[in-house]
> 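Structure in structure tokens, see below.
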Number of protein chains: 2
Amino acid sequence: MVENDKSTEKQILGAAKKVFLEKGFDGARMQEIADEAGINKALVHYYFRSKEKLFDAIFIEVFSRFFPKVFGAIFSDMSFEEKIAFFIDNYINLLAENSFLPVFIIHEINRNPDKIVGMMKNIGVDPKNLQFIFADIDKTKYKIADPRHFMVNMLGLCIFPFIAKPILKGLLFNNSDNEYKTFLDQRKKIITETVINSIRIK
Amino acid sequence: MVENDKSTEKQILGAAKKVFLEKGFDGARMQEIADEAGINKALVHYYFRSKEKLFDAIFIEVFSRFFPKVFGAIFSDMSFEEKIAFFIDNYINLLAENSFLPVFIIHEINRNPDKIVGMMKNIGVDPKNLQFIFADIDKTKYKIADPRHFMVNMLGLCIFPFIAKPILKGLLFNNSDNEYKTFLDQRKKIITETVINSIRIK
DNA sequence: GTCTATATGGCGATAGAC
DNA sequence: GTCTATCGCCATATAGAC
């Protein structure tokens with residue numbers, strides 16, 4: 001059954017993604033992936049030969065999703081302020097729906113730093129594209145001394161509340177998911193204002 | 001030899017800290033810890049019974065170091081602006097000297113969220129103390145709508161460049177440690193300005 | 001392609017000599 | 001307290017029947 005082949009392979013990929021995201025490479029078990037996919041452990045090896053190869057197969061996909069897809073917005077006809085607000089809003093939504101994403105990526109890129117550079121270039125990430133974000137900026141209102149700091153600021157402000165989630169929830173919100181969610185929503189506006197403010201000419 | 005007892009235990013703790021910080025709990029090996037300590041694997045179990053117990057022994061110490069020690073500065077006679085600048089400067093220095101700290105903490109608190117809350121309270125972390133940072137603030141110049149966002153902003157801006165280090169180095173700095181170091185130094189001023197700016201009344 | 005059974009190796013932990 | 005030797009388990013990976 002050829003259709004079943006594809007279906008099985010995709011089911012393994014889906015299961016592997018879930019388990020790897022939650023447990024990381026070291027914590028993940030091939031048995032758990034097989035169970036999650038509803039098949040036998042040997043079949044996972046039949047399709048992907050090794051844990052490492054299975055991991056690589058999903059890492060690229062997951063990584064490219066984590067690495068901000070601003071580039072769609074960059075070439076749109078939005079104003080600079082709109083682009084920033086659009087990115088922050090969408091990115092926080094994406095992370096909220098994939099809450100394991102940030103911790104997973106951070107742990108794995110630090111566990112195996114060598115893998116990344118080539119992977120990033122394959123995906124088409126190029127810091128030169130940063131310039132386009134600021135192409136149509138109003139230079140009488142804003143001055144960007146260093147676009148790299150601007151980007152790191154924006155990403156840090158977006159991502160940090162997700163990687164510190166257990167601390168924030170336990171310390172500030174009495175483990176309430178609702179309060180945490182509200183906090184994230186508030187941040188969209190706060191981050192936008194903060195980064196825009198940081199480059200505004202006084 | 002009683003003195004040798006202490007020395008051995010401390011050597012194990014030092015080795016365990018190094019290995020756990022680099023590899024995380026799942027990635028760490030008791031054999032590697034023993035090698036690093038220059039002793040036998042059985043001796044590690046003799047002192048700490050299990051990997052889990054050894055991990056717990058160092059986690060508290062490492063965690064309490066990661067969680068910002070603002071509290072010394074809070075009750076000093078510095079001005080609000082000086083307190084913020086002081087904290088950011090010292091915290092970035094601390095992280096620069098312990099580069100594995102952020103990724104390790106983030107991974108472990110997400111791997112085992114239940115452990116944290118009690119641990120934080122034991123250390124004496126209390127969000128109510130946040131108020132003291134802003135106690136002597138000049139209310140004609142600044143308005144802090146929500147101290148929690150202020151703190152998350154400041155911590156996120158400080159910590160993010162460390163957890164994203166491999167990406168930043170590979171993507172922006174051609175893997176140059178010097179350029180990365182310079183970037184971190186620049187950030188001290190930038191972060192201070194950004195967070196102060198974000199609460200300034202226009 | 002999918003399964004059961006098993007090989008192979010590594011790891012945490014313990015026993016026991018010194 | 002410190003070591004060598006080993007147990008017992010679990011995880012990755014493969015062999016081989018269907």
Side-chain angles (χ1 to χ4, degrees), chain A residues 1-60 62 100 104 107-108 111-112 114-115, chain B residues 1-62 100 104 107-108 110-112 114-115:
Chain A
M1 307 179 201
V2 180
E3 6 176 7
N4 209 356
D5 290 356
K6 286 185 202 163
S7 154
T8 301
E9 187 170 337
K10 281 183 184 172
Q11 217 155 353
I12 295 174
L13 283 171
K17 193 191 295 182
K18 187 182 171 194
V19 175
F20 278 132
L21 274 170
E22 272 185 49
K23 305 287 177 66
F25 180 83
D26 291 327
R29 299 288 164 250
M30 295 298 268
Q31 182 62 59
E32 196 179 347
I33 292 172
D35 292 347
E36 183 72 33
I39 53 154
N40 190 276
K41 193 176 53 166
L43 206 51
V44 182
H45 282 94
Y46 172 80
Y47 276 95
F48 293 94
R49 284 194 62 86
S50 75
K51 184 182 182 184
E52 190 85 24
K53 284 189 170 60
L54 175 56
F55 179 82
D56 289 350
I58 68 152
F59 186 77
I60 293 184
V62 170
F100 287 110
F104 170 76
H107 186 253
E108 297 303 332
R111 194 178 64 90
N112 198 348
D114 302 333
K115 245 179 200 167
Chain B
M1 308 179 198
V2 180
E3 6 176 6
N4 208 356
D5 290 356
K6 286 186 203 164
S7 154
T8 301
E9 187 171 337
K10 281 183 185 173
Q11 216 154 354
I12 294 174
L13 284 170
K17 194 192 293 182
K18 187 182 172 196
V19 175
F20 277 133
L21 274 170
E22 271 185 51
K23 306 286 178 67
F25 181 83
D26 291 327
R29 298 290 165 246
M30 295 299 270
Q31 183 62 59
E32 195 179 349
I33 293 173
D35 293 346
E36 183 73 33
I39 53 153
N40 192 277
K41 191 175 57 166
L43 206 51
V44 182
H45 282 94
Y46 173 79
Y47 275 95
F48 293 94
R49 283 193 62 86
S50 73
K51 184 183 180 182
E52 189 86 23
K53 284 189 169 60
L54 175 57
F55 180 81
D56 289 349
I58 68 151
F59 185 77
I60 293 183
E61 186 216 328
V62 170
F100 288 109
F104 170 76
H107 186 250
E108 297 304 331
N110 281 278
R111 193 178 66 90
N112 198 349
D114 302 333
K115 246 179 200 165

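Protein chains get the first letters and strands the later ones, always in sequence-line order, with residue 1 at the start of each.
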> How close do B:L43 and B:T8 get, counting heavy atoms only, and between which atoms?
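Nearest heavy atoms, B:L43 then B:T8: CD2-CG2, 4.1 Å.
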
> In whole angstrom, give the distance that lies between atom CD of B:Q31 and atom P of D:dA5.
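My rounded result for the distance is 14 Å.
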
> Please report, rounded to the nearest Å, how far the C1' atom of C:dC11 is from the CD atom of B:E52.
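Rounded to the whole Å, the gap is 15 Å.
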
> Give me the atom names and distance for the closest heavy-atom approach of A:K17 to A:I58.
CA-CD1, 3.6 Å

> Taking the six-membered ring for Trp and the single ring otherwise, decide whether the centroids of B:F100 and B:F104 are under 6.0 Å apart.
no

> So, OP1 or OP2 of D:dT2: does either fall under 4.0 Å of a side-chain N or O from B:T8?
yes

> Quick check on contacts: within residues 16-25 of chain B, what sits under 4.0 Å from DNA chain C by heavy-atom distance?
none

> Identify whether any heavy atom of A:A34 sits under 4.0 Å from a base atom; if not, whether one sits that close to sugar-phosphate; answer base, sugar-phosphate or nothing.
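Nothing, no nucleic acid heavy atom in range.
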
> Between D:dT12 atom P and A:K53 atom NZ, what is the distance in whole Å?
15 Å

> Identify each donor-acceptor pair in which a side-chain atom of residues 35-42 of chain B lies under 3.5 Å from a protein atom, sequence neighbours left out, and give them as a table.
residue	atom	partner	partner atom	Å
B:D35	OD1	B:Q31	NE2	2.9
B:E36	OE2	B:K18	NZ	3.2
B:N40	OD1	B:A42	N	2.8

> Just how far, in rounded Å, is C1' of C:dT14 from CZ of B:R49?
10 Å

> Separation of B:K51 atom NZ from C:dT14 atom C1', in whole Å?
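From B:K51 NZ to C:dT14 C1': 17 Å.
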
> Summarise how protein sits on nucleotides 3-8 of chain C as a single string, 5' to 3': B when a protein heavy atom is under 4.0 Å from the base, S for sugar-phosphate-only contact, - for no contact.
BB----

> Please give, in whole Å, the distance from D:dT2 P to B:E9 CD?
10 Å

> Could you pull out the closest heavy-atom pair between A:F48 and A:K53, with the gap in Å?
O-CB, 3.4 Å

> Looking at D:dA13, I'd like to know if its phosphate oxygens (OP1 or OP2) sit under 4.0 Å from a side-chain N or O belonging to A:H45.
yes

> Using a cut-off of less than 4.0 Å, is there contact between a side-chain N or O of A:Y47 and OP1 or OP2 of C:dT2?
yes

> Roughly how many Å is it from CG in B:D35 to P in D:dT2, rounded to a whole number?
16 Å

> What nucleotide, of C:dT2, D:dA11, C:dA13, holds the atom closest to the side chain of A:R29?
D:dA11

> B:I33 CD1 to C:dA13 P: how many Å, rounded?
11 Å

> Is the ring pair B:F25/B:F20 parallel, tilted or perpendicular, if the boundaries are 30 and 60 degrees?
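B:F25 and B:F20: parallel rings.
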
> How far does CD1 of B:I12 sit from NE2 of B:H45, to the nearest 0.5 angstrom?
10.5 Å

> Mind listing the closest non-hydrogen atom pair of B:M30 and B:V44 along with its distance?
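B:M30 and B:V44 have their closest heavy atoms at CE-CG1, 3.6 Å.
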
> How long is the straight-line distance from CZ of A:R29 back to CG of A:D26, given to the nearest 0.5 Å?
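With rounding to 0.5 Å, CG (A:D26) is 8.0 Å from CZ (A:R29).
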
